[in-house]
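I have placed the structure first, in the form of structure tokens, so that the comments after it can refer back to it.
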Amino acid sequence: MQATEYHLYRVKFIKPVQMDFFSADRSPREFFEMALAEKPSLELRKNNVWRIANIEQITPDGGRFAVGRTTITTVEKFDIASGNFTDLVDDSGPYTFVYFDSRLGLIGIGKRTKVAANVKTIAGTIQKLLSKTETASHNRLTVHVDYIPDPESFLEKIYSAHAIKNFKAHFTGPNPIDADELFQKPMSYYCKELDGTNGNVSVNGNALSADAVAAVAKSTAATANRASAAIQLEHEGRVIPISLKGDAKFILVDQDCEKLQTLKAIQSAYREIRE
């Protein structure tokens with residue numbers, strides 16, 4: 001049975017410091033749904049147009065859409081009637097499905113090499129498509145489509161360390177609705193009050209709390225931000241750096257799975273990181 005890789009990303013609509021009242025009253029979810037409904041298209045190269053299409057609502061919060069590119073290609077064929085080889089001009093439109101949870105700004109991008117060599121390219125194109133919408137330009141929104149790193153290896157190193165000497169976490173403003181109360185939410189507010197877009201906080205100590213570091217690391221990963229630490233593996237051992245970055249968290253879903261099952265699998269994979 002064949003399976004599709006779905007890579008987890010986060011879509012962020014970052015508002016400008018000054019907005020008109022009507023725009024400021026809208027939520028990131030509303031901006032996401034409005035931008036998606038526009039079905040944006042973008043010609044990145046001649047006769048190579050990327051599009052968002054086939055938007056489906058599966059649950060009140062989630063659904064899926066297709067993203068792909070249309071190209072004009074030359075197909076070599078043999079014409080039986082004339083007995084000659086000939087070149088035919090034809091349109092091709094490889095695409096992949098992207099599942100979304102608009103409440104969280106969470107998306108799961110299906111890997112398909114016919115569309116692009118890697119998922120990172122597809123994610124970058126989705127960012128360009130959403131940035132091109134009237135919703136983004138009219139409301140002066142900055143759109144980010146950032147991958148959610150798999151924190152498992154980082155957390156294993158944190159808990160196996162003799163001592164954590166330093167922890168550094170990045171944040172953006174504002175962060176999604178499920179950002180943690182300890183770090184991401186207050187730092188997002190702080191960033192916004194300073195008219196900033198992003199920042200980081202670094203904390204040093206003889207032995208930082210592994211549980212607190214892990215909790216902030218999971219929230220940082222879930223909000224598609226980055227973190228790093230300096231740990232000591234044994235008493236009086238040297239201090240080594242570790243990073244929460246790497247590749248996007250991904251899951252394998254059987255191609256025969258129903259749409260609702262696929263959406264729930266992606267949401268469940270996200271919750272494993274966040275909770």
Side-chain angles (χ1 to χ4, degrees), residues 7-42 50-67 97-109 122-148 170-199 219-225 259 263-264 266-267 270-271 273-274:
H7 293 232
L8 273 57
Y9 279 73
R10 200 114 200 198
V11 181
K12 301 177 187 176
F13 288 88
I14 301 176
K15 301 176 183 179
V17 177
Q18 303 254 330
M19 294 190 76
D20 62 57
F21 177 78
F22 181 75
S23 296
D25 198 40
R26 294 194 181 277
S27 67
R29 172 180 182 158
E30 289 177 294
F31 286 135
F32 179 85
E33 292 173 347
M34 290 165 59
L36 207 58
E38 291 185 39
K39 293 186 175 181
S41 62
L42 181 64
W50 284 82
R51 305 176 188 276
I52 285 177
N54 299 66
I55 304 166
E56 301 175 66
Q57 201 71 33
I58 300 172
T59 68
D61 293 325
R64 72 174 185 176
F65 61 89
V67 61
F97 280 113
V98 179
Y99 284 78
F100 66 85
D101 184 320
S102 56
R103 186 180 67 90
L104 299 173
L106 169 70
I107 61 173
I109 305 174
I122 300 173
T125 306
I126 293 172
Q127 178 174 302
K128 291 175 183 176
L129 285 164
L130 295 177
S131 298
K132 183 182 179 291
T133 59
E134 180 66 24
T135 298
S137 59
H138 176 73
N139 296 286
R140 295 180 290 124
L141 302 170
T142 301
V143 182
H144 288 282
V145 178
D146 299 321
Y147 74 89
I148 296 177
H170 293 254
F171 57 87
T172 53
N175 268 300
I177 60 169
D178 61 335
D180 70 283
E181 301 289 343
L182 175 65
F183 178 76
Q184 289 289 341
K185 271 190 179 177
M187 295 316 300
S188 173
Y189 177 78
Y190 172 69
C191 184
K192 182 180 178 183
E193 289 300 300
L194 292 181
D195 296 345
T197 57
N198 61 83
S219 176
T220 299
T223 51
N225 286 307
K259 293 178 284 187
L263 174 62
K264 285 184 175 180
I266 290 167
Q267 291 170 323
Y270 169 77
R271 284 194 298 271
I273 295 172
R274 180 65 187 87

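A quick note: this is a predicted structure, and the numbers were derived from the prediction, not measured.
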Please name the pair of heavy atoms, one in [X] and one in [Y], separated by the smallest distance, quoted to 0.1 Å.
| X | Y | value |
| --- | --- | --- |
| Ala35 | Leu130 | CB-CD2, 4.0 Å |
| Asp146 | His144 | OD2-CB, 3.6 Å |
| Ala222 | Ile148 | O-CD1, 3.8 Å |
| Asn198 | Cys191 | N-SG, 3.5 Å |
| Ile273 | Ala221 | CG2-CB, 4.1 Å |
| Ala224 | Lys12 | O-NZ, 3.9 Å |

Requested in this report: Please name all residues satisfying ring-ring contact (aromatic ring centres under 6.0 Å, His included) with Tyr9, sequence neighbours left out, ordered by chain then number.
Outcome: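 For Tyr9 there are no ring-ring contact (aromatic ring centres under 6.0 Å, His included) partners, ignoring immediate neighbours.
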**Report entry** Partner set under ring-ring contact (aromatic ring centres under 6.0 Å, His included) for Phe97, not counting sequence neighbours
**Finding:**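 ring-ring contact (aromatic ring centres under 6.0 Å, His included) list for Phe97, sorted by chain: Tyr95.
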So, [X] side chain and [Y] main chain: donor-acceptor pair closer than 3.5 Å or not?
| X | Y | value |
| --- | --- | --- |
| Gln127 | Val145 | yes |
| Arg10 | Leu104 | yes |
| Thr133 | Leu129 | no |
| Lys259 | Ile58 | no |

Is any side-chain heavy atom of [X] less than 4.5 Å from a side-chain heavy atom of [Y]?
| X | Y | answer |
| --- | --- | --- |
| Leu141 | Ile14 | no |
| Phe65 | Val98 | yes |
| Ile107 | Tyr99 | no |

Look up atom [atom1] in [X] and atom [atom2] in [Y], then write down how far apart they are to the nearest 0.5 Å.
| X | Y | atom1 | atom2 | result |
| --- | --- | --- | --- | --- |
| Glu30 | Phe13 | CD | CZ | 12.0 Å |
| Thr135 | Glu33 | OG1 | CD | 11.0 Å |
| Asn54 | Arg64 | CG | CZ | 8.0 Å |
| Arg103 | Thr59 | CZ | OG1 | 10.0 Å |

Under the rule for side-chain hydrogen bond (donor to acceptor under 3.5 Å, both in side chains), what residues qualify as partners of [X], not counting sequence neighbours?
| X | result |
| --- | --- |
| Glu134 | none |
| Asp61 | Arg29 |
| Asp101 | Gln267 |
| Lys128 | none |

Query raised in the report: Would Met34 and Arg26 count as a side chain to side chain contact (heavy atoms under 4.5 Å, CB included) if you check the C-alpha gap in whole Å, the side-chain angles of each, and the deciding distance to 0.1 Å?
Result: CA-CA 10 Å; Met34 290 165 59; Arg26 294 194 181 277; 3.8 Å; yes
Requested in this report: Assert yes or no for the condition that the ring centre distance of Phe32 to Phe100 is strictly below 6.0 Å.
Outcome: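 Yes - the distance between ring centres of Phe32 and Phe100 falls below the 6.0 Å cut-off.
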Requested in this report: Mind checking salt bridge (Lys or Arg N to Asp or Glu O under 4.0 Å) for Glu38 and listing every partner two or more places apart, or none if nothing turns up?
Outcome: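 Once residues adjacent in sequence are excluded, Glu38 has no partner under the salt bridge (Lys or Arg N to Asp or Glu O under 4.0 Å) criterion.
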Query raised in the report: With sequence neighbours left out, what residues match Lys39 under salt bridge (Lys or Arg N to Asp or Glu O under 4.0 Å)?
Result: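 Partners of Lys39 under the salt bridge (Lys or Arg N to Asp or Glu O under 4.0 Å) test: none.
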